[in-house]
Amino acid sequence: MSTELSAAGQALYPTLLSPLQAGTHRLRNRVIMGSMHTRLELLDRAIERQAAFYAERAKAGVALIVTGGYAPNAEGRIDEDAPVLDSAEHAHTLRPIPQAVHAHGGKILLQVLHAGRYAKVPQPVGASEIPSRINPRAPRRLSEAEIGATIEDIARCSALALEAGFDGVEIMGSEGYLLNQFAVTRTNDRDDAWGGSVENRQRLAVETVRRVRQRLGPEGLIMYRLSAIDLVEGGAPPDEIVQLARAIEAAGADIINTGIGWHEARIPTIAYVVPRAAFRFAAARVQRAVQIPVVASNRINTPELAEAIVGSGDAAMVSMARPFLADPEFVRKAAEGRADQINTCIACNQACLDYIFSDRATSCLVNPKAGRELDFQEMPRPASARTVAVVGAGAAGMACAIAAAERGHRVTLFEAGRRHRRPAQLGPRGAGQGRVPRADALVPPPARGAGRDGEAVHPARRGAAAGLRARGGGHRRAPARAGDSGHRSRQGHQLPGAAVGSAQRWVRRWPSSAPAGSATTSPSTCCTRAPRRPSSSRPNGVSTRPTSRPAG
Ligand SMILES: Cc1cc2nc3c(=O)[nH]c(=O)nc-3n(C[C@H](O)[C@H](O)[C@H](O)COP(=O)(O)O)c2cc1C
Ligand code: SF4
């Protein structure tokens, strides 16, 4: 890590920030950036973008990064746009990605994901012909010869990852994908060597790990993503999960990561209604059964919580996926004793999963730079600092104020309400209420840090506006009406309507001029209307709606 571990960081997170040996690899701490399919590979300068995206997280101290899933063959793609790694030529093009991570002392695994009957391809395949309720296309049952070929494809894909310079692979065995489908009676009705008894159902997962280990040798790091709880009827009972974990360890895995719930599960697993670290118990059950490190996952979004998990021994490592969209510097800030400045993921899913499901590259509601590292890097620095008044302390206003302050301007943020808007007002209805660890999550730390450095970035009372002298109609009327359900900036980032509405009400009372030497901006001037997609129409069935608390 380019920053030093401070005494405060050491004292607060002694286990989380301590190194760990996994196989032949020494990891600098216990933090994994979990796998996320970003769709960055479909944009221009795709490799450069991915390298920059991962490098920024590695630079700030993440020990181990996992890429989004790569299919080992065409029929295993999640959809027809999803990446496949099946040739040396393709592997060669990926090289800059691990190189960028290694340059900052991080390690990176390529995730190998065969989607099985979830694949939205012309003819998905699976353990059986039992269809999934989230894919209209029924699967074709794999023959025994095809199962052998699939294992070989996964092994070849893993070897190609190593050739490309990755430290190893994560084999995706959870969330209801192919290996998970074979393991349970819900989707496996076979009566051959790959179905029936628990050993037969688990054979595909175990043989796959064994073959990948043979192909990679001891140098390749192998992490297996095990479904620690399926959350579907006909899923694996706890004793079968523990049995599979032991078999995976014996087959040669170095780390067991945990996945929570199938995509078709009706119980929310990552939405804001899920209590933080709700599934820690499932990882702990696996950790108690094996000697290799086990990783806890899902809704872990503060270093305090992560430390509590690894410190207690419930898991040796923690995986955080979305928190690294919200703040690439999560680890560095914790290590420097600045956890209060971490920009917290509020589990809204609005700019990460919702973007993926609507065929856009992923980003983050509270960090629009996520996935756009190259674009923001290329912004020219201002020749001189200016005095900037930002009107409206909603999501857009706060982001605007922070960006301006980071670029060296003197910023004052005005809000008509008594204070800046709270996560509960900014996320989906009810998001964050009583669950977001810091109510200030959306007045992120850079603004506060900037304030300490002498910048005037603060949520101001309405009365403060009287202190500004007006000049030249610096405001345009907001193009959106208060109460609209959502707005999109020119870069396509979705913003909550409530935030824009608030700023707009304030702007209407604003004098039509501003003080000499100041630039004035309203977040509403960079917004255009964009209807929100109802969550019920999400195509892959990942549930983000509020419902009862998860089992366990
Ligand atoms: C945009 C997005 C894409 C994802 N893609 C993958 C994937 O390709 N493979 C995978 O195993 N998990 C994937 N996940 C799930 C995450 O790895 C993780 O399990 C989930 O987000 C919950 O963890 P978190 O609360 O730390 O985000 C994805 C999650 C998001 C938000
Ligand atoms: S969009 Fe919302 S859920 Fe996704 S990473 Fe950002 S804050 Fe978290």
Side-chain angles (χ1 to χ4, degrees), residues 31-41 53 65-71 77-79 82-83 109-115 118 169-177 179-180 223-228 257-263 268-272 274-280 283 295-302 305-306 318-328 330 342-358 360-371 395 399 423 426-428 431-432 436 441-442 444 493-496 538 540 542 544:
V31 181
I32 293 177
M33 174 177 160
S35 169
M36 282 180 287
H37 179 206
T38 58
R39 291 179 65 91
L40 290 178
E41 72 277 4
F53 172 69
I65 290 172
V66 187
T67 68
Y70 281 74
R77 289 168 298 166
I78 265 185
D79 59 43
L109 305 180
L110 180 133
Q111 187 184 69
V112 187
L113 186 161
H114 190 303
Y118 282 166
V169 289
E170 175 171 83
I171 300 170
M172 182 45 163
S174 65
E175 260 79 3
Y177 293 121
L179 304 188
N180 208 178
M223 181 153 79
Y224 184 86
R225 194 160 197 190
L226 173 87
S227 184
N257 188 6
T258 51
I260 305 295
W262 286 35
H263 284 319
T269 55
I270 69 170
Y272 63 89
V274 177
R276 290 180 299 126
F279 299 102
R280 166 184 182 173
V295 185
S297 173
N298 286 51
R299 291 288 282 125
I300 300 165
N301 64 356
T302 68
L305 196 51
V318 288
S319 168
M320 290 176 272
R322 295 168 298 168
F324 282 104
L325 293 177
D327 196 337
F330 186 104
I342 290 172
N343 202 20
T344 308
C345 165
I346 57 171
C348 64
N349 292 326
Q350 287 188 25
C352 50
L353 278 175
D354 282 5
Y355 274 21
I356 295 295
F357 297 156
S358 51
R360 287 187 280 172
T362 200
S363 190
C364 175
L365 184 84
V366 301
N367 176 24
K369 292 180 189 171
L426 292 167
V436 173
L442 282 172
H493 307 307
Q494 187 116 22
L495 304 168
R538 285 179 193 129
N540 87 339
V542 171
T544 55

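Each ligand, and each atom within it, is numbered from 1 in the order the structure gives. One-based numbering along the sequence shown.
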Option nearest atom 2 (Fe) of ligand 2 (shortest heavy-atom distance, choices A271, A351, C348): C348
Numbered atoms of ligand 2 (with element) below 4.0 Å of L365, judged on heavy atoms: 1 (S), 6 (Fe)
Selected option - heavy-atom contact closest to atom 15 (C) of ligand 1, from A321, G34, S35: S35
Test log, rule side-chain contact (heavy atoms from CB on, under 4.5 Å), inputs N367 and F324: CA-CA 10 Å; N367 176 24; F324 282 104; over 6 Å; no
Nearest protein heavy atom with distance in Å, relative to atom 6 (Fe) of ligand 2: C364 SG, 2.3 Å
Nearest candidate to atom 8 (O) of ligand 1, where distance is taken over non-hydrogen atoms, out of A347, A277, C352, G69: G69
Atoms in ligand 1 with a heavy atom of M320 nearer than 4.0 Å: 26 (O)
Modelled atom types, side-chain donor and acceptor of R225 and S35, under 3.5 Å: no
Ring geometry between Y118 and Y177 (parallel below 30°, tilted from 30 to 60°, perpendicular above 60°): perpendicular
Approximate separation, where rounding is to 0.5 Å, of M33 CE and T67 OG1: 9.5 Å
N301, V366, N349: member with heavy atom nearest to atom 3 (S) of ligand 2: N349
Residue portion contacting ligand 1 (non-hydrogen atoms closer than 4.0 Å) for P323: side chain
Selection from I270, L113, I300 by shortest heavy-atom distance to atom 20 (C) of ligand 1: I270
Region of A347 engaging ligand 2 - heavy atom pairs below 4.0 Å: backbone
Closest approach of any protein heavy atom to atom 25 (O) of ligand 1, naming residue and atom: R322 NH2, 2.7 Å
Shortest protein contact, atom 23 (O) of ligand 1 (heavy atom only): N298 CA, 3.6 Å
Residue, atom name and distance, where the atom is the protein heavy atom closest to atom 3 (C) of ligand 1: H37 N, 3.3 Å
I270, V274, T258 screened by side-chain contact (heavy atoms from CB on, under 4.5 Å) with F279, the one that passes: V274
Mode of I356 contact toward ligand 1 - side chain, backbone, both, neither (heavy atoms, under 4.0 Å): side chain
Atom 4 (Fe) of ligand 2: nearest protein contact (heavy atom, Å): C352 SG, 2.4 Å
Best match, M36, R39, R225: closest heavy atom to atom 12 (N) of ligand 1: R225
Closest approach of any protein heavy atom to atom 7 (S) of ligand 2, naming residue and atom: I346 N, 3.4 Å
Nearest protein heavy atom with distance in Å, relative to atom 8 (Fe) of ligand 2: C345 SG, 2.4 Å
